[in-house]
Amino acid sequence: MKRIVLFFLLISASLIAQNDEVKVDLSSPYKTIFTHLHFLQAESYNEQKAAATINGESLEKSIQIAIKIKQVLDGKGLKVNMKNLPTNPKYKDTISEVEIRSQYVLFPKQLPEVYLERVNGKWYYSQDTNEQIFSIYKQVFPAGTEFIKKIIPNVGHKVFLTIELWQYVGIFIFILLGVLLFWLLNKTIFFVLKRLENFFMRFSHDSLNKTLDKLSRPAALLIVFYLIEVYIPVLQFNIDINSFLIKGLEIGQIVLWIYVFLEIVSVLIEVYVSYTSRTDSKLDDQLAPILSRLLKVLVVFLGVLKMLTIFGVNTTTVIAGASIGGLAVALASQDTVKNLIGTFMIFLDKPFQIGDWIEGGGVEGTVEEVGFRSTRIRAVDTSIFTIPNSKLSEIVINNKGLRQYRRYQTKLGIRYDTPPELIEAFVVGVRRIIELHPETLTKSYNVEFVGFGDSALEVLVNTYFVSLEWGVEQSSKHRLHMTILTLAAELGVDFAFPSQTVMIEQFPEKSNANGKYETNQEKINEILKNIENGFRD
């Protein structure tokens with residue numbers, strides 16, 4: 001039994017000796033910060049030794065400054081990672097924006113105002129830190145924090161699961177006020193969004209209304225989370241709980257920001273789609289889904305980068321690594337990069353629109369979709385051509401969808417024995433039919449007797465159809481052809497076909513092969529008038 005007691009006495013003496021061995025050491029940034037934080041812990045509290053890290057101030061003010069620095073770090077949930085602290089007594093700050101100096105900033109992004117500097121071979125908190133720490137403390141701890149400390153009775157300081165009782169009450173009040181504030185903000189933001197919806201009424205439709213309605217709740221939650229983060233130091237939790245709560249709130253804010261920006265992207269795309277639906281161009285309609293995917297990927301990427309900073313990851317390193325990796329991927333997939341560049345060239349130059357009939361590179365058909373990598377073209381037989389955009393941006397494209405009119409040209413072959421009077425009447429009649437046709441361009445057409453073919457007298461018909469739709473063009477051709485056939489039948493003009501005729505001047509019981517034609521001018525005029533009236537009807 002005596003040995004056991006002696007054993008515990010030796011351990012206690014050893015621990016006391018170890019605590020006594022911790023002395024004030026300001027030889028490096030590591031030693032100074034360790035001295036400061038060690039002597040402000042509950043089990044080794046010595047505010048005078050902690051104040052030794054403050055230079056150029058009275059003992060009383062040095063104690064206040066040392067305590068304020070510790071409270072600011074705890075209030076912002078900033079835990080010092082002792083493993084990352086420099087132990088070199090002659091440490092130089094190589095990332096300073098002004099000049100390389102003997103200084104060390106604990107948290108360059110979260111708290112750049114608090115830093116150490118080397119003075120006469122020892123490391124102290126800087127003079128700037130001494131001057132600014134009181135104003136920083138007021139920013140971290142809202143008004144009323146000191147008052148709450150004073151009014152809490154002793155019973156409120158009883159600890160349960162490392163949290164004091166009054167802090168449990170504070171958590172309940174925070175939750176209650178947060179719910180009430182969320183309800184009020186949700187109503188207010190919803191009201192404002194409805195007013196914005198009225199402003200965008202010319203672009204408004206059901207999908208836009210639903211998207212605007214979704215923004216009120218996350219926007220209200222964002223404000224509530226921000227206010228809780230600002231006022232959480234009032235509850236004066238220890239640094240572990242503060243760090244956990246603040247990180248949780250920051251992660252929640254980033255998630256909500258990602259959601260809000262994704263919804264904003266949806267709103268912008270909806271407005272863009274509503275606008276493009278009123279334009280003649282169809283290619284900008286195809287751009288909407290591409291822009292939507294690109295912007296949403298960008299929002300998520302930036303949100304993930306921001307979230308990585310919460311866990312202490314250097315985003316500059318991540319971006320640099322991503323750039324190097326992106327370069328390697330680009331070199332390994334040059335065709336994909338070419339296709340992406342080709343896609344942008346197509347959207348910038350707009351050589352065709354969705355629905356245009358194009359020819360190029362041995363491919364002919366209607367443009368159905370322009371994607372990131374390729375363009376889909378539907379051929380006449382309804383099959384699909386998928387052409388890489390890099391190739392499509394380089395080949396010569398004949399865009400028939402940009403034609404102002406559809407040209408139609410043919411030659412009508414009539415028999416060689418047709419009298420000149422009927423040929424002239426036939427030409428005049430076809431001209432009149434084109435002039436009366438509702439789908440032909442009357443200011444530009446040609447109907448002329450142009451030559452002598454092997455088996456027929458050739459009459460050229462050259463005209464233009466106003467409609468650019470393929471189906472309307474075919475129906476217009478049908479109407480034109482049927483009327484020309486009717487005209488030829490009424491005039492008695494026969495169409496020739498490739499043939500050879502042997503003419504025998506004298507042959508018993510055989511009549512002449514020449515046809516019988518009506519060349520009376522009055523009769524011809526009457527026929528032309530009937531054809532014209534019939535076409536009009």
Side-chain angles (χ1 to χ4, degrees), residues 40-42 67-80 107 109-111 113-114 133-193 214-261 263 303 306-307 309-312:
L40 290 181
Q41 302 300 318
I67 293 174
K68 294 295 183 185
I69 292 174
K70 176 67 165 56
Q71 290 175 337
V72 167
L73 293 176
D74 291 348
K76 293 180 74 68
L78 300 175
K79 296 181 68 175
V80 178
F107 298 97
K109 294 183 178 180
Q110 298 93 333
L111 197 61
E113 301 90 346
V114 176
I133 192 62
F134 292 97
S135 60
I136 295 173
Y137 178 84
K138 291 180 181 179
Q139 294 173 6
V140 175
F141 294 93
T145 304
E146 297 294 335
F147 175 74
I148 292 175
K149 285 183 179 179
K150 296 178 182 178
I151 65 172
I152 299 298
N154 292 331
V155 67
H157 291 288
K158 290 185 177 181
V159 178
F160 178 72
L161 296 178
T162 70
I163 299 177
E164 298 181 3
L165 291 179
W166 76 271
Q167 292 173 330
Y168 282 107
V169 176
I171 292 173
F172 175 76
I173 294 174
F174 264 62
I175 293 174
L176 186 63
L177 292 176
V179 172
L180 178 62
L181 184 61
F182 169 76
W183 183 81
L184 291 174
L185 288 172
N186 185 32
K187 295 293 184 182
T188 304
I189 295 173
F190 184 80
F191 175 79
V192 173
L193 289 176
K214 292 178 182 177
L215 288 175
S216 61
R217 291 186 179 87
L221 269 178
L222 268 174
I223 298 174
V224 171
F225 281 6
Y226 173 76
L227 292 175
I228 291 176
E229 183 182 357
V230 170
Y231 286 95
I232 200 71
V234 172
L235 299 180
Q236 303 170 34
F237 291 114
N238 61 47
I239 188 170
D240 293 324
I241 297 177
N242 261 353
S243 178
F244 175 78
L245 291 176
I246 290 175
K247 282 187 177 180
L249 290 170
E250 289 178 346
I251 291 173
Q253 289 180 63
I254 292 173
V255 172
L256 288 172
W257 273 119
I258 292 175
Y259 177 82
V260 167
F261 275 110
E263 291 299 323
K306 181 63 177 176
M307 192 173 294
T309 60
I310 297 176
F311 298 99

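Nothing here was measured: the structure is a model prediction, and the numbers come from that model.
At least one side-chain heavy atom of Met307 sits under 4.5 Å from a side-chain heavy atom of Val255. Contact check for Glu250 versus Phe225: no side-chain heavy atoms found under the 4.5 Å cut-off. No side-chain heavy atom of Leu227 sits under 4.5 Å from any side-chain heavy atom of Leu177. Taking the side chain as every heavy atom from C-beta outward, Phe261 and Trp257 approach each other to under 4.5 Å.
With rounding to the nearest 0.5 angstrom, the CG atom of Leu256 is 12.0 Å from the CD1 atom of Ile251. Once rounded to the nearest 0.5 Å, the distance linking CZ of Phe244 with CG of Leu249 reads 10.0 Å. Distance check: Lys76 NZ to Glu229 CD gives 8.0 Å after rounding to the nearest 0.5 Å. For the atom pair NZ (Lys306) and CD (Gln253), the distance works out to 9.5 Å, reported to the nearest 0.5 Å. We find the CD1-CD distance between Ile133 and Gln71 to be 9.5 Å, quoted to the nearest 0.5 Å. Distance check, rounded to the nearest 0.5 Å: CG of Leu245 to CD1 of Ile228 gives 9.5 Å.
Take Lys70 and apply the salt bridge (charged side-chain N to carboxylate O under 4.0 Å, His left out) test, not counting sequence neighbours, and it matches Asp74.
Between Glu113 and Ile136, the closest heavy-atom pair is CB-CD1, 3.6 Å. Of all heavy-atom pairs between Val260 and Pro218, the closest is CG2-CB, 3.8 Å. When all heavy atoms of Ile258 and Gly303 are compared, the closest pair comes out as CD1-CA, 3.7 Å. Residues Ala220 and Leu185 come closest through the heavy atom pair CB-CB, 3.8 Å.
In summary, of the residues considered (Leu73, Val114, Val72, Ile246), a side chain to side chain contact (heavy atoms under 4.5 Å, CB included) with Leu78 occurs for Leu73 alone.
In this structure, Tyr226 places its OH atom where only 12 or fewer heavy-atom neighbours from other residues, nucleotides or ligands lie under 6.0 Å away. A 6.0 Å sphere centred on CZ of Phe134 holds more than 12 heavy atoms belonging to other residues, nucleotides or ligands.
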